[in-house]
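Beneath this line is the structure, given in structure tokens, with notes to follow.
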Amino acid sequence: MTIAPLRHHARAVWSDSRLLYALEEVVETELNRHLKVAKEWMPHEYVPWSDGRNFDGVMGGEAWSPEQSKVTDIGRTALVVNLLTEDNLPSYHHEIASLFGRDGAWGTWVHRWTAEEGRHGIVMRDYLLTSRAVDPVALERFRMEHMSEGFESDNRHSMLHSVAYVAFQELATRISHRNTGHHSGDPVCDRMLARIATDENLHMVFYRNLLGKAFELAPDQTMSAVRDVVVGFRMPGHGIPGFERAAAQMAIGGIYNLRIHHDDVLQPVLRFLKVLEIGGLGPEGLQAQEELGLFMAGLDEQAVKFDERREALLARKAARAAQQG
């Protein structure tokens, strides 16, 4: 059944409800593909339980101290940010369930995605506490403060904007987890985050393919949505207490920065969908495409400058360390 868009200024304009209905078959196809390739895994298998022991408090155990952790300083910072981001899953579920609905293929996907994401917070917290990688008291206080603030997506006003956002955000989360694992200094942590990153990549593929179909149905609107999302992109954990300072440390530490954002997150999705090559656009779509191209070029220039500053900073740190040694 063909769903006709509304007409506006001689161009097709799709409402959220019509697009949701028109994309239902694509969602079902992508959901079935996802269920075939997604592999079951058990969070408890990735946790070094034999390393665990009681903390101080009601159990009368040993208080936490930094030297107990096998994880590097930058790994600890990134793990806290990544876990606190995962902790907001109830808010994320509310957002996408409100936008995509709870019925049909859309609803099945919403619940499946939520169930899979739930594993991430479970295994990360169990690992962090069992391995004493982070201060458990500070972690819980951060969690309470962060979740008590609530969460509202920058793109809650539009289903198209939301699909565009998660296509990039799921890849950004995958990259952040993988790089955190690489820089953690603990092979157990690296293995755990690699498993989580595999899920995030499958989620990205689902939304990326959905975004591709949206380009076929509503090219101008989708181009505008992608432009808006790319230009205003923020990670979902931006409301975490101390996020800006932690993000700066993660940028210098090579976990997530402008160069990674440009090369490993934005470019792969844009290139796969050939976003900057799409033709036949109306005036609105053409303008959005041009602005997107200009933004990407400007972001690349900013990334070059960041790389230069980062290299200089790391060189100074290495020189100071050599003198002290």
Check: Asp126/His44 side-chain N/O donor and acceptor closer than 3.5 Å:
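No, His44 and Asp126 have no side-chain donor paired with an acceptor closer than 3.5 Å.
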Worksheet entry | Nonpolar side-chain network containing Leu202, other nodes, edges under 4.5 Å |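 Under the 4.5 Å side-chain rule, Leu202 groups with Val37.
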Who pairs with Arg208 by salt bridge (Lys or Arg N to Asp or Glu O under 4.0 Å), at least two apart in sequence or on another chain?
->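 Salt bridge (Lys or Arg N to Asp or Glu O under 4.0 Å) list for Arg208, sorted by chain: empty.
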Considering only NZ, NE, NH1 and NH2 on the basic side and carboxylate oxygens on the acidic side, decide whether Arg259 and Asp307 come within less than 4.0 Å.
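Result for this pair is yes, salt bridge flagged.
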- Item | Within residues 254-279 or reaching into it, pairs that qualify as ring-ring contact (aromatic ring centres under 6.0 Å, His included) - sequence neighbours excluded |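 Non-adjacent pairs meeting ring-ring contact (aromatic ring centres under 6.0 Å, His included): Phe233-His261, Tyr256-His261.
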*How are the rings of Tyr207 and Phe100 set relative to one another: parallel (under 30°), tilted (30 to 60°) or perpendicular (over 60°)?*
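Taking Phe100 first and then Tyr207, their aromatic rings sit tilted (interplane angle of 30° to 60°).
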**OP:** Measure up the Trp113 and His203 rings against each other and bin them: parallel (under 30°), tilted (30 to 60°), perpendicular (over 60°).
**Re:**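 Ring orientation of Trp113 relative to His203: tilted.
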Sequence neighbours excluded, which residues qualify as side chain to side chain donor-acceptor pair (under 3.5 Å) partners of Trp49?
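With neighbours one apart ignored, the set is empty.
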Original post:
How long is the span from the CZ atom in Phe306 to the CG atom in Asn257, to the nearest 0.5 Å?
Top reply: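 The distance works out to 4.0 Å.
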Is it possible for you to say whether [X] and [Y] belong to one hydrophobic cluster, with membership spreading through side-chain heavy-atom contacts below 4.5 Å?
X      : Y      : value
Ile240 : Met147 : no
Leu276 : Leu266 : yes
Val188 : Trp41  : yes

Review point. According to the salt bridge (charged side-chain N to carboxylate O under 4.0 Å, His left out) rule, which pairs have a member within residues 173-194, sequence neighbours left out?
Key: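 For residues 173-194: Arg178-Asp190.
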Per-pair distances, 0.1 Å, donor-acceptor, side chain in residues 308-318, under 3.5 Å, sequence neighbours excluded:
{"residue": "Arg310", "atom": "NE", "partner": "Ile252", "partner atom": "O", "Å": "2.7"}
{"residue": "Arg310", "atom": "NH2", "partner": "Ile252", "partner atom": "O", "Å": "3.2"}

